[in-house]
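Excluded from the calculations below are hydrogen atoms, water molecules and symmetry mates; all remaining heavy atoms, backbone and side chain alike, are included. Every chain is numbered from 1, with letters handed out A, B, ... down the list of sequences.
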Number of protein chains: 2
Amino acid sequence: MKRRNTDSKKAILELLESSKSALSHDMIQGIISRNIDRATIYRVLNRFCEDKIVRRIVGDDGKQYFAYCINCVEKKQKNNHFHFRCTQCGKVECLNEEVKVALPDGYEMHNFNGIVSGICSDCASLRSGE
Amino acid sequence: MKRRNTDSKKAILELLESSKSALSHDMIQGIISRNIDRATIYRVLNRFCEDKIVRRIVGDDGKQYFAYCINCVEKKQKNNHFHFRCTQCGKVECLNEEVKVALPDGYEMHNFNGIVSGICSDCASLRSGE
DNA sequence: ATTTTATTGCGACATTATCGCAATTAAGGA
DNA sequence: TCCTTAATTGCGATAATGTCGCAATAAAAT
Ligand SMILES: [Mn+2]
Ligand SMILES: [Mn+2]
Ligand SMILES: [Zn+2]
Ligand SMILES: [Zn+2]
């Protein structure tokens, strides 16, 4: 199945590339100026994931977040790492530390999804009065 | 808010206690003989989590799984550990290995949610012909 | 036995994500 | 440039998961 270059695709990819944190569907919908349909955004994102251009992170809020892979590679995060989700501001960012998982014999790992949620330093300092 | 001992509560807790793996709402609904309302099951589970009797695990399928805490304590898994979700049979089980997460300065961890999904040894061996 | 109020059942609702289908449109070739 | 093909989009419907309001029920205390 050949991929085509569409405006929606370009807009979403540019957004993810330039974003320092992983973005959920509604974040993307909210940020992007072009009016792209909800289903289309999901379909574009799913295609990116199939093509391994983007990686999908499932938050402990049950929502999907999407991050441009090269961001991770640049930061030497090719391997498994946790993501931190701030329950205050919603940011989902990489934690720069490789995680190794030891599976029992005969187990096959297909996906790694490590999430830590809490309060990021920005929100924590705001809360305690600058 | 005082807790009361109801049949629903007892049935669900017994099920979780005796289960070797974490259970989702629909697993519980399916297994239990008594006919308990969906909303009630969720409310009972949420109360268990508030009371720290049960812990909530969010799968990379976006669904919530619930596990009796003492199970973990017995296995010396009081601390953070991954759970393995088999995409074939649906089992969600503990991985007996403590995980330490290093957060940047000023970050506060409120929840840990580590999931690895794939194929468990049972399903893998079945697939490759016994 | 009576009172208090935590809990339940039911239906409605919210949210997130997917799907079917007809209409568009990118891409490649004539 | 025009045509053809099929990947992509928009729209509405649908699925799946989980929560909420409210009246009815029932556990526990008096
Ligand atoms: Mn990352
Ligand atoms: Mn566990
Ligand atoms: Zn924050
Ligand atoms: Zn399995």
Side-chain angles (χ1 to χ4, degrees), chain A residues 1-16 22-51 53-67 83 85 87 90 92 111 113 115 117, chain B residues 1-16 22-51 53-67 83 85 87 90 92 111 113 115 117:
Chain A
M1 181 139 7
K2 272 195 178 150
R3 297 274 122 101
R4 292 180 182 178
N5 249 331
T6 70
D7 290 346
S8 302
K9 183 177 168 176
K10 276 182 276 184
I12 295 173
L13 193 58
E14 274 173 28
L15 178 55
L16 288 176
L23 300 175
S24 65
H25 155 78
D26 58 299
M27 289 170 172
I28 293 172
Q29 181 108 287
I31 296 170
I32 255 175
S33 49
R34 287 178 36 71
N35 214 33
I36 310 177
D37 185 73
R38 204 159 40 88
T40 299
I41 296 180
Y42 277 115
R43 282 188 281 223
V44 168
L45 290 169
N46 285 336
R47 263 176 262 144
F48 283 158
C49 289
E50 280 176 36
D51 299 346
I53 296 168
V54 161
R55 92 172 46 184
R56 183 196 321 268
I57 300 142
V58 178
D60 54 351
D61 55 355
K63 291 169 60 177
Q64 303 185 352
Y65 295 84
F66 299 88
H83 288 88
R85 183 177 68 88
T87 54
V92 173
N111 187 45
N113 196 77
I115 289 280
S117 63
Chain B
M1 180 138 6
K2 270 194 181 152
R3 297 273 121 102
R4 291 180 183 179
N5 248 330
T6 69
D7 289 346
S8 302
K9 182 176 169 177
K10 276 182 276 183
I12 295 173
L13 193 57
E14 273 173 30
L15 178 54
L16 289 177
L23 301 176
S24 66
H25 154 78
D26 57 299
M27 289 169 172
I28 293 172
Q29 183 108 284
I31 295 170
I32 255 177
S33 50
R34 286 178 37 70
N35 215 32
I36 310 178
D37 185 74
R38 202 159 41 91
T40 298
I41 296 180
Y42 277 116
R43 281 187 282 222
V44 168
L45 290 169
N46 286 335
R47 262 176 262 144
F48 284 158
C49 288
E50 281 176 36
D51 300 345
I53 296 168
V54 161
R55 94 173 41 185
R56 183 196 321 266
I57 300 142
V58 178
D60 54 350
D61 55 354
K63 290 170 61 176
Q64 303 184 352
Y65 294 84
F66 299 88
H83 289 88
R85 183 176 69 87
T87 54
V92 173
N111 187 46
N113 197 78
I115 289 280
S117 63

OP1 or OP2 of C:dA26 under 4.0 Å from side-chain N/O of A:Thr6: no
Integer-rounded Å distance: C:dA17 P and A:Tyr42 OH: 3 Å
Distance in angstrom units between A:Ile41 CD1 and D:dT8 P, rounded: 16 Å
Donor/acceptor link under 3.5 angstrom from A:Arg38 side chain onto base of D:dG12: no
Rounded distance (Å) that lies between atom P of C:dT8 and atom NZ of B:Lys9: 9 Å
Candidates D:dC20, C:dA27, D:dT9 - which lies nearest the side chain of A:Arg47: D:dT9
Nucleotide nearest B:Gln64 when distance is taken to its side chain, options D:dG18, D:dC11, D:dT9: D:dG18
Separation of atom CG in B:Asp61 from atom C1' in C:dA17, rounded to whole Å: 13 Å
D:dG18 base / B:Arg43 side chain donor-acceptor hit below 3.5 Å: no
Interatomic distance where CG belongs to B:Asp37 and P belongs to D:dT25 [whole Å]: 15 Å
Distance-only donor-acceptor test, B:Arg3 side-chain atoms vs C:dA6 base atoms, 3.5 Å: no
Side chain of B:His25 - closest among D:dG18, C:dC21, D:dC20: D:dG18
Length of the line joining A:Asn5:CG and D:dT8:C1', which is rounded to integer Å: 12 Å
Any A:Lys63 side-chain N or O less than 4.0 Å from OP1/OP2 of C:dT16: yes
Whole-Å distance separating the CE atom of B:Met27 from the P atom of D:dT17: 11 Å
Listed nucleotide nearest any side-chain atom of B:Arg4, set D:dA6, D:dG21, D:dA28: D:dA28
Test item: side-chain donor near acceptor, A:Arg56 and A:Asn46, under 3.5 Å: yes
A:Ser8 side chain near D:dT8 phosphate (N/O to OP1/OP2, under 4.0 Å): no
B:Met27 vs B:Lys63 side-chain heavy atoms within contact, under 4.5 Å: no
Taking every non-hydrogen atom, the tightest pair across B:Tyr65 and B:Gly90: CE2-O, 4.4 Å
Protein-nucleotide distance (B:Asn46, atom CG; C:dT8, atom C1'), rounded to Å: 15 Å
